[in-house]
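Down below is the structure, laid out as structure tokens.
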Amino acid sequence: SDVCSSDLTGGAEAAARAEGAEQEAAALRHLVEQEEALPGLQAALDGLGASADEASARVTAVHQAREDLPVRMATLDRDLAEARATAAALDAARAAQDRVRKQRTAADRLATLAPVAAAQRAAAQAAVDAHQHLVDTHQRMVESRLDGMAAELAAKLTDGQPCPVCGSAAHPAPAPAPEGAVSAADITRARKRRDTAEDERRRAADELDELVREEAACAAVAEGRSPADLAAAAEVLSREIAAAQQAAQDAERLAEELAASRAEQDRLGQELLAATTRRAAVGEQLDAAGAGLRALRATLAEAAQDHPSVAARESALREAAARDRGLATALERLAGAI
């Protein structure tokens with residue numbers, strides 16, 4: 001009877017201990033879940049730390065980029081002014097090039113005309129000489145013809161027919177024909193040769209006049225400059241025009257870059273403000289998360305007591321409760337058996 005009473009008392013105490021351990025373990029369950037979440041919370045905190053570092057780095061980078069812009073913009077502004085000044089000479093250089101091109105064409109033509117004009121002067125003089133020779137020849141033939149008219153009339157006299165000059169029907173001593181007498185046909189051919197030579201003289205003179213006028217016109221355009229001098233000037237102007245054209249392109253590009261830099265300066269100002277705001281916000285989140293995690297670790301350390309973790313303490317409590325439950329059951333059975 002005493003043994004039975006002792007067993008019942010011991011079983012009740014074991015059951016009470018088991019109940020208390022189970023309740024205590026159940027009370028630790030939410031802390032165990034928080035303890036299990038520690039790696040995720042630490043990872044989130046590390047992520048916030050990385051974000052804070054990134055935000056700080058971005059603020060530094062944007063600030064540095066914005067500080068570098070004024071120097072770059074000043075360089076662009078100076079280069080743009082120089083490019084525009086060089087490009088401004090383009091129209092004048094092109095006008096000069098056009099003038100030199102015309103002068104060079106005229107000088108080249110003048111150099112070509114010189115031997116042609118010289119040859120034409122010789123040809124014109126030869127035509128004058130040939131024409132004059134044929135004029136003289138024709139004149140001599142006419143005079144010779146006049147001198148031989150008596151013989152020509154005598155050749156036409158017929159006995160018993162009156163003389164066309166004196167009217168006599170008797171022709172006792174007709175004039176003899178001179179040696180080499182000139183006929184009317186000879187004079188006609190000489191006149192044609194003279195007239196043809198005159199046409200040639202006039203044509204040669206006209207061609208020479210045209211060449212002389214062209215020479216004068218080319219000389220007026222060339223203004224006394226030689227082809228070599230004009231070729232050198234054209235080369236210089238070509239380089240100036242190329243430089244001015246390149247400067248015009250550079251000016252357009254530099255103007256775009258300067259406008260882009262000004263826009264970039266405004267954009268970086270806005271980005272710096274946004275980056276600074278984000279850095280502050282992330283910093284606040286990092287501080288809050290760090291404080292919360294430190295508080296949680298302190299709570300968990302307190303709840304774990306002398307165990308490695310809260311989960312270990314919960315497990316130990318449940319194991320103790322199971323032992324006490326088993327003990328209570330065994331004692332109850334033993335008391336029932338007695």
Side-chain angles (χ1 to χ4, degrees), residues 1-67 266-338:
S1 174
D2 290 338
V3 173
C4 178
S5 176
S6 176
D7 289 342
L8 288 174
T9 300
E13 290 176 353
R17 284 197 306 274
E19 181 69 22
E22 288 174 350
Q23 289 178 356
E24 191 174 355
L28 294 175
R29 172 82 323 234
H30 73 286
L31 292 176
V32 171
E33 291 175 354
Q34 290 182 350
E35 189 177 61
E36 291 172 350
L38 274 179
L41 294 174
Q42 183 61 55
L45 183 63
D46 293 342
L48 282 173
S51 295
D53 292 341
E54 181 182 347
S56 294
R58 186 56 186 164
V59 168
T60 301
V62 173
H63 183 72
Q64 183 62 49
R66 198 163 183 266
E67 282 191 341
D266 294 339
R267 186 191 66 77
L268 286 175
Q270 296 174 358
E271 186 174 349
L272 181 60
L273 177 61
T276 303
T277 302
R278 172 170 171 71
R279 181 179 64 179
V282 172
E284 291 177 359
Q285 293 175 2
L286 180 63
D287 291 342
L293 187 57
R294 287 192 297 274
L296 177 59
R297 288 186 185 279
T299 299
L300 293 175
E302 183 180 355
Q305 294 183 0
D306 56 348
H307 293 82
S309 64
V310 177
R313 182 185 172 198
E314 180 197 34
S315 179
L317 287 170
R318 292 193 183 282
E319 289 176 1
R323 287 195 302 271
D324 284 335
R325 287 287 183 191
L327 178 60
T329 301
L331 290 175
E332 287 177 359
R333 288 176 180 174
L334 180 60
I338 299 174

For the pair Arg58 and Glu54, find out whether any cationic side-chain nitrogen is under 4.0 Å from an anionic carboxylate oxygen.
no
Is Gln305 atom CD crowded by more than 12 heavy atoms from other residues, nucleotides or ligands, each under 6.0 Å away?
yes
Does Arg313 use its side chain to pair, donor to acceptor, with the backbone of Ala303 at less than 3.5 Å?
yes
Are Gln42 and Leu45 close enough, and set up right, to give a side-chain contact (heavy atoms from CB on, under 4.5 Å), and what steps lead you there?
CA-CA 5 Å; Gln42 183 61 55; Leu45 183 63; 3.9 Å; yes
Where Ser51 and Arg278 come nearest, the two heavy atoms and their spacing
CB-NH2, 4.1 Å
Stepwise, does the side-chain contact (heavy atoms from CB on, under 4.5 Å) test hold for Thr299 with Gln34?
CA-CA 10 Å; Thr299 299; Gln34 290 182 350; 5.7 Å; no
Look up atom OG in Ser309 and atom CG in Leu28, then write down how far apart they are to the nearest 0.5 Å.
10.5 Å
Mind checking the CG-CG spacing from Leu296 to Leu31? Nearest 0.5 Å is all I need.
8.0 Å
Kindly give the heavy-atom pair with the smallest separation between Glu35 and Ala311, and that separation in Å.
OE1-N, 3.0 Å
Identify the residue among Arg29, Glu319, His307 that makes a side-chain contact (heavy atoms from CB on, under 4.5 Å) with Glu314.
Arg29
Candidate pair Glu19 and Glu22, rule side-chain contact (heavy atoms from CB on, under 4.5 Å), full reasoning:
CA-CA 5 Å; Glu19 181 69 22; Glu22 288 174 350; 4.0 Å; yes
dist Arg279:CZ -> Leu286:CG (nearest 0.5 Å) comes out at 13.5 Å
Does the side chain of His63 pick up a donor-acceptor pair with the side chain of Glu67 at under 3.5 Å?
yes
Nearest 0.5 angstrom please: Leu38 CG to Arg297 CZ, how far?
5.0 Å
Student check: side-chain heavy atoms of Glu36 and Val32 closer than 4.5 Å:
yes
Which pair of heavy atoms, one from Leu48 and one from Ala289, lies closest together, and at what distance?
CD1-CB, 3.7 Å
Consider only side-chain N and O atoms of Asp266 and Gln270, and report whether a donor and an acceptor are under 3.5 Å apart.
no
Rounded to the nearest 0.5 Å, how far apart are CG of Leu268 and CG of Leu273?
12.5 Å
